[in-house]
Each structure stands twice: as structure tokens, then as C-alpha cells.
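These numbers were taken from a predicted model, which means no experiment stands behind them. Positions are given from 1 along the sequence.
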Amino acid sequence: MKVRIESTRTVKPIYEGNCPPPTSHCIPLSVFDKVTYNTHIAVIYAYRPPTPMNATIELGLQRALSEYREWAGRLGEDEKGDPVIFLNDKGVKLVEASVDCKLDQLMPLKPSPVLLSLHPSLKDVEELVQVQLTRFSCGSLVVGFTAHHLVADGHSTSNFLVSWGKASRGLDMNPLPLCDRTIFSPRKPPHFDFEHRGVEFKSKKLVKDFPNIYIDNFVDDIIVHKVHFTLEFLSKLKARASPPSNNLQNKTYSTFESLVAHLWRAITKARGLGGFEKTHVRISVNGRMRMNPRVPNEYFGNLVLWAFPSARVKDLLREPLPYAAKLIHEAIAKVNNSYFKSFIDFATHKAGKEEDLVPTAEMSKSVLCPNLEVDSWLRFPFYDLDFGGGSPYIFMPSYFPTEGMMFLLPSFIGDGSIDAFIPLFQDNLATFKEIIYSLD
């Protein structure tokens with residue numbers, strides 16, 4: 001597939017009927033922004049014809065940026081050296097492109113390096129959002145979207161995307177975002193009720209002493225394998241993972257917990273790890289529903305911490321599925337209001353001032369083995385991005401060949417089935433394929 005770039009330009013917010021706001025203000029990053037991944041994340045949408053004109057989509061983007069001004073700004077530092085977002089309206093990158101073939105000729109669209117040509121490069125990017133509109137000869141449209149994670153988490157980004165679609169259709173962008181990153185105040189006096197060193201933060205000295213030797217060394221040996229889990233399989237898996245129903249003290253584990261437990265065991269077995277090795281899963285936990293008082297869903301920014309269920313390999317594989325599901329359930333439950341408040345206090349008083357700490361969240365590694373990370377997009381309304389021609393029929397992450405970093409998405413079929421994108425070493429793929437649909 002040869003993608004021809006037709007144009008590249010900067011798109012700025014448009015303030016219809018209002019005086020443009022000042023462009024000299026800046027917003028400090030919150031403690032949740034500063035601890036997350038310092039990188040762009042890219043996603044791919046595909047639409048069947050008829051699709052709206054690029055000018056319609058561009059105007060909708062300009063309107064959406066007037067409410068989500070952070071995306072049109074730039075990252076930098078204030079006079080104290082603290083990280084901020086400058087609300088300078090410098091704009092986002094818009095690329096128009098075309099391909100001389102039908103999109104069906106590329107189907108099924110697999111997670112491969114081909115996807116990288118459907119969105120702007122993620123390297124050395126000044127803009128906080130990039131958009132590529134790629135037209136195919138059949139009239140299909142692929143939208144490649146990249147956004148900087150320091151500005152917003154997946155929940156906030158999906159809200160922005162839905163608003164962009166509404167603005168493109170001439171609709172009001174309700175509900176509007178809550179753009180106030182100052183709401184996470186530390187307690188007086190602070191309480192460090194939980195350990196955050198080695199969890200969200202690590203020592204700078206460790207980074208210097210143990211540089212990441214894996215960068216780019218193994219990328220060619222990694223395959224991103226897509227697995228489709230039907231609703232029927234997920235129902236059986238959930239039943240297998242949950243404790244016996246006659247025990248009233250036990251709750252049924254969620255589909256997410258059951259599936260992650262299954263994937264954790266299958267990938268660990270496919271890797272052929274030693275029995276006494278420790279393995280953990282990094283799982284994102286959205287704080288909006290966990291903090292008290294509750295943070296509105298419209299909050300725009302990052303509000304995610306992580307759960308880290310862990311086990312010895314031999315215990316994980318020897319014990320039945322409910323063992324892993326219980327570890328996951330209990331680890332997620334611990335990331336509650338008290339934990340979030342402890343993190344705010346620690347990140348403000350210790351990580352930010354007294355100690356030489358950096359975030360453990362990083363995208364520079366090519367290999368996570370013996371560990372895993374799961375990014376669940378199951379609850380995000382990504383399929384609601386409608387520019388006027390209907391919902392997308394494909395939504396997927398771009399090509400991220402980081403061994404062990406999984407993405408879970410609702411299938412476009414819309415029947416409750418789930419698609420998992422699993423990066424594995426080629427040598428482990430055959431074993432993984434043999435066992436992934438086994439319930440034994």
C-alpha cells in the first residue's frame with residue numbers, strides 16, 4: 001500500500017460568535033498527568049462510504065478544539081520549571097492523504113507496520129494532536145488520530161472524539177469538558193498510607209544504572225497477534241473463573257477480570273518461564289468513580305493509577321483460573337479512594353519535592369516479559385465517533401510492538417465480543433495459539 005500525502009497544515013480552534021480567549025495562559029499538569037506515559041498514542045478508524053468531506057471534518061475539529069483548548073496548545077515549563085500546557089492555540093496537525101486502491105484489498109486490517117502510514121509519525125512531535133484523513137479509491141475513509149498522553153487519558157480522549165463528531169454534524173458538544181486540573185489538592189497534613197516507591201515511581205538512579213537494553217533490539221522478533229473472543233466463549237470463561245455460586249461470600253468476577261486472568265496464564269505458559277519467576281500485570285484503574293467526592297465523567301485530563309496483581313509462575317499455572325481472577329480482583333479493589341488520596345499526597349510532597357523519583361510508566365521498552373500490561377478500552381465510546389456518515393466499522397490501536405502490552409477493545413460486531421491485540425515473540429506464538437481458546 002502506497003500512501004500519497006496530499007497536504008499537511010495546522011488547524012487552529014475557531015471561536016464562533018465569541019471573542020477568542022487569551023493565548024498567554026498556561027495550565028500546570030496535575031500529579032496524575034505527570035505520572036503517566038510521556039508519549040503520543042495512535043488509533044485508527046475506518047468508515048465506509050458515503051463519508052463527509054474533509055472540510056466538514058476539519059471544521060468540526062476546529063469547533064471541538066475551542067472547548068478542548070489544551071489539545072491546540074503546547075507542552076512546556078513555567079518560570080519555576082514545572083511542566084505546563086500553554087494555551088497558545090498554536091493548533092494541531094492535519095494531514096490529507098490518498099491511496100490508489102480499495103480498502104477491502106487490505107482487509108482484514110491487521111496490526112502490522114502498514115498501520116504506521118495511516119497516521120502521522122509519533123516521533124519528535126510538537127503538536128499535542130495529529131490527524132490524518134486517508135481516502136481510498138472506493139470512497140472509504142481512514143482516520144488516523146494521535147494524542148499526547150500527558151494531556152489526557154483514554155476516557156477524556158474518547159469524550160473529545162465524540163464531541164468532534166458532534167461538532168462535525170453541527171450538534172452541540174454536550175456535555176462540555178471540566179477543564180480544571182487544580183481539583184486534586186493534597187491533605188493537610190499529608191498521609192502516606194500506601195507504598196508508592198516501586199509502584200508509580202522509581203529512582204532516577206535505577207534508570208541510570210540499569211538502562212533499557214531492549215530498545216529496538218527485539219522489535220523484528222515481535223508479532224502483534226489479534227484474538228477474537230466471542231460472547232459465548234467469554235460467558236464460559238467467566239463461569240469458569242468465578243467461585244462456586246453456592247458460596248454466598250464470593251462474588252462473580254467480571255468479564256474483564258476473567259479474561260485478563262486467562263490471558264495472563266496463557267501468555268505466561270507460552271513464554272516458557274521458570275516456575276520460581278515472579279510475574280505481574282499492570283492494569284489501569286480509572287479514578288473518576290473511585291474517588292470521594294466523585295470526579296465527574298467530564299473531567300478532562302489524566303485520572304488513572306494502576307493495579308499490580310502478581311504471582312510466582314508455578315502458582316499461576318498450577319492453580320486453576322479462579323486463583324488468577326482473585327488476584328486481579330483484589331489488586332484492583334485496593335486502588336480505592338484511600339489509595340488515590342495517598343498517591344496525591346505522596347506525588348505532591350515526596351516525588352515532586354523531596355525525592356529524586358521518575359514515573360514507572362514508560363513506552364520505551366520493547367519487552368515486558370515476564371510481566372504484562374493491559375490497556376482496556378472496553379468502556380470507551382470510541383465507536384460513537386460519527387462525522388455524519390455513520391459510525392466506524394473498524395477501530396483499533398496502531399502498531400505498538402511492545403512484547404506483553406495488550407489492548408482490549410469491544411469488537412465492531414457490537415454483540416459483546418472482545419478483540420485482544422497481543423504482542424508476542426514469534427517463538428511463543430505457536431504455543432499461544434494452541435492454548436488460547438482452551439478452558440482447561
(request) Output yes when E403 and R271 qualify as a salt bridge under the 4.0 Å nitrogen-oxygen rule, no when they do not. (result) yes
(request) Look at the side chain of D153 and the backbone N and O of L303, then say whether any donor-acceptor pair between them is shorter than 3.5 Å. (result) yes
(request) Carefully, step by step, assess K202 and V358 under the rule side chain to side chain contact (heavy atoms under 4.5 Å, CB included). (result) CA-CA 5 Å; K202 61 186 176 183; V358 294; 3.8 Å; yes
(message) Can you classify the ring geometry of W164 versus F145 as parallel (below 30°), tilted (30 to 60°) or perpendicular (above 60°)?
(response) tilted
(message) Tell me whether K341 contacts the main-chain N or O of N292 through its side chain, where contact means a donor paired with an acceptor under 3.5 Å.
(response) yes
(request) Compare every heavy atom of L231 with every heavy atom of G416, then report the nearest pair and how far apart it is. (result) O-CD1, 3.9 Å
(request) Go through the steps to decide whether L234 and L259 satisfy the test side chain to side chain contact (heavy atoms under 4.5 Å, CB included), and finish with yes or no. (result) CA-CA 7 Å; L234 292 170; L259 179 56; 4.2 Å; yes
(request) Would you confirm whether E127, through its side chain, and V129, through its main-chain N or O, come within 3.5 Å as a donor-acceptor pair? (result) no
(request) With rounding to the nearest 0.5 Å, note down the distance linking OG1 in T157 to CD1 in I41. (result) 9.5 Å
(request) Side-chain contact test, heavy atoms from C-beta onward, threshold under 4.5 Å: evaluate it for Q130 versus V95 and give yes or no. (result) no
(message) Would you compute the distance between atom CG of L321 and atom NZ of K238 and round it to the nearest 0.5 angstrom?
(response) 13.0 Å
(message) I need the I422 CD1 to K226 NZ distance, nearest 0.5 Å.
(response) 12.0 Å
(message) Can you classify the ring geometry of F32 versus F340 as parallel (below 30°), tilted (30 to 60°) or perpendicular (above 60°)?
(response) tilted
(request) Side-chain contact test, heavy atoms from C-beta onward, threshold under 4.5 Å: evaluate it for V199 versus T360 and give yes or no. (result) no
(request) Quick one: closest heavy-atom pair of V304 and S284, and the distance? (result) CG1-CB, 3.8 Å
(message) Tell me every residue that passes side chain to side chain donor-acceptor pair (under 3.5 Å) with R290, counting only those two or more places apart in sequence or in another chain.
(response) none
(message) Before we go on, tell me: are the rings of H228 and F233 under 6.0 Å apart, centre to centre?
(response) no
(request) Indicate the atoms forming the closest heavy-atom contact of C369 with L273, along with that distance. (result) SG-CD2, 3.7 Å
(message) Between R312 (side chain only) and G275 (backbone N and O only), is there a donor and an acceptor less than 3.5 Å apart?
(response) no
(message) Could you check whether any side-chain heavy atom of V374 comes within less than 4.5 Å of a side-chain heavy atom of L372, counting everything from C-beta outward?
(response) no
(request) Kindly say whether D33 contributes a backbone atom to a donor-acceptor pair with the side chain of T36 at under 3.5 angstrom? (result) no
(message) Test side chain to side chain contact (heavy atoms under 4.5 Å, CB included) on E67 and S163; report intermediate values, then the result.
(response) CA-CA 9 Å; E67 298 293 350; S163 292; over 6 Å; no
(request) Report, as yes or no, whether the 6.0 Å neighbourhood of atom CZ on R187 holds more than 12 heavy atoms from other residues, nucleotides or ligands. (result) yes
(message) Is the ring pair W377/F407 parallel, tilted or perpendicular, if the boundaries are 30 and 60 degrees?
(response) perpendicular
(request) In sequence, state the C-alpha distance, the side-chain angles, and the governing distance for R379 and S158, and then conclude on side-chain hydrogen bond (donor to acceptor under 3.5 Å, both in side chains). (result) CA-CA 10 Å; R379 295 187 176 182; S158 63; over 6 Å; no
(request) Look at K334 together with E330 and state whether they make a salt bridge at an N to O cut-off of under 4.0 Å. (result) no
(request) Could you grab the distance from atom CE of M405 to atom CG of D375, nearest 0.5 Å is fine? (result) 6.0 Å
(message) Measuring only between side-chain heavy atoms, which start at C-beta, is T402 closer than 4.5 Å to M363?
(response) no
(message) Measuring only between side-chain heavy atoms, which start at C-beta, is I85 closer than 4.5 Å to L150?
(response) no
(message) For T134 and Q132: C-alpha separation, side-chain torsions, deciding distance, then whether side-chain hydrogen bond (donor to acceptor under 3.5 Å, both in side chains) applies.
(response) CA-CA 6 Å; T134 304; Q132 182 171 317; 3.1 Å; yes
(request) If the plane angle is over 60° it's perpendicular, under 30° parallel, otherwise tilted; pick one for F201 and F346. (result) tilted
(message) Less than 4.5 Å apart, side chain to side chain, heavy atoms only: is that true for I223 and L424?
(response) no
(request) Mind listing the closest non-hydrogen atom pair of E70 and C179 along with its distance? (result) OE2-CB, 3.5 Å
(request) Ignoring hydrogens and angles, tell me if any N or O in the side chain of R240 forms a donor-acceptor pair with the backbone of L439 under 3.5 Å. (result) yes
(request) Using the six-membered ring wherever Trp is involved, compare the ring planes of Y45 and F382 and label them parallel, tilted or perpendicular (cut-offs 30° and 60°). (result) tilted
(message) Is it true that, when you exclude K326 itself, more than 12 heavy atoms of the residues, nucleotides or ligands shown sit nearer than 6.0 Å to its NZ?
(response) no
(message) With a 3.5 Å distance limit and no angle check, can you tell me whether Y383 reaches the backbone of P410 through a side-chain donor-acceptor pair?
(response) yes
(message) Does either side chain, that of S364 or that of E362, offer a donor lying less than 3.5 Å from an acceptor on the other one?
(response) yes
(request) To the nearest 0.5 angstrom, please state how far the CG atom of L161 sits from the CG atom of L61. (result) 10.0 Å
(message) On a heavy-atom basis, which atom in K110 and which in M396 lie closest, and how many Å separate them?
(response) C-CE, 4.1 Å
(request) If the plane angle is over 60° it's perpendicular, under 30° parallel, otherwise tilted; pick one for Y37 and W306. (result) perpendicular
(request) Name the orientation class of the two ring planes belonging to F194 and Y339 (parallel below 30°, tilted from 30 to 60°, perpendicular beyond 60°). (result) tilted
(request) Find the distance between CG (N302) and NZ (K34) and round it off to the nearest 0.5 Å. (result) 12.5 Å
(request) Report yes or no: does H191 contribute a side-chain atom to a donor-acceptor pair with the main-chain N or O of D345 at less than 3.5 Å? (result) no
(message) Using a 3.5 Å distance criterion without hydrogens, assess whether the side chain of D180 forms a donor-acceptor pair with backbone atoms of T182.
(response) yes
(request) Using a cut-off of 6.0 Å, state whether more than 12 heavy atoms not belonging to Q426 lie near its atom CD. (result) yes
(message) Does any part of the side chain of E58, heavy atoms only, come nearer than 4.5 Å to the side chain of V11, both counted from C-beta?
(response) yes
(request) Give the minimum heavy-atom separation between P397 and L115, together with the two atoms involved. (result) O-CD1, 3.8 Å
(request) Report yes if some heavy atom in the side chain of V151 is under 4.5 Å from a heavy atom in the side chain of S156; otherwise report no. (result) no
(message) Keeping S342 on the side-chain end and S338 on the backbone end, is there a donor-acceptor pair under 3.5 Å?
(response) no
(message) If you apply the rule side chain to side chain contact (heavy atoms under 4.5 Å, CB included), what do you find for N371 with K365, and how did you get there?
(response) CA-CA 12 Å; N371 303 316; K365 288 185 177 179; over 6 Å; no
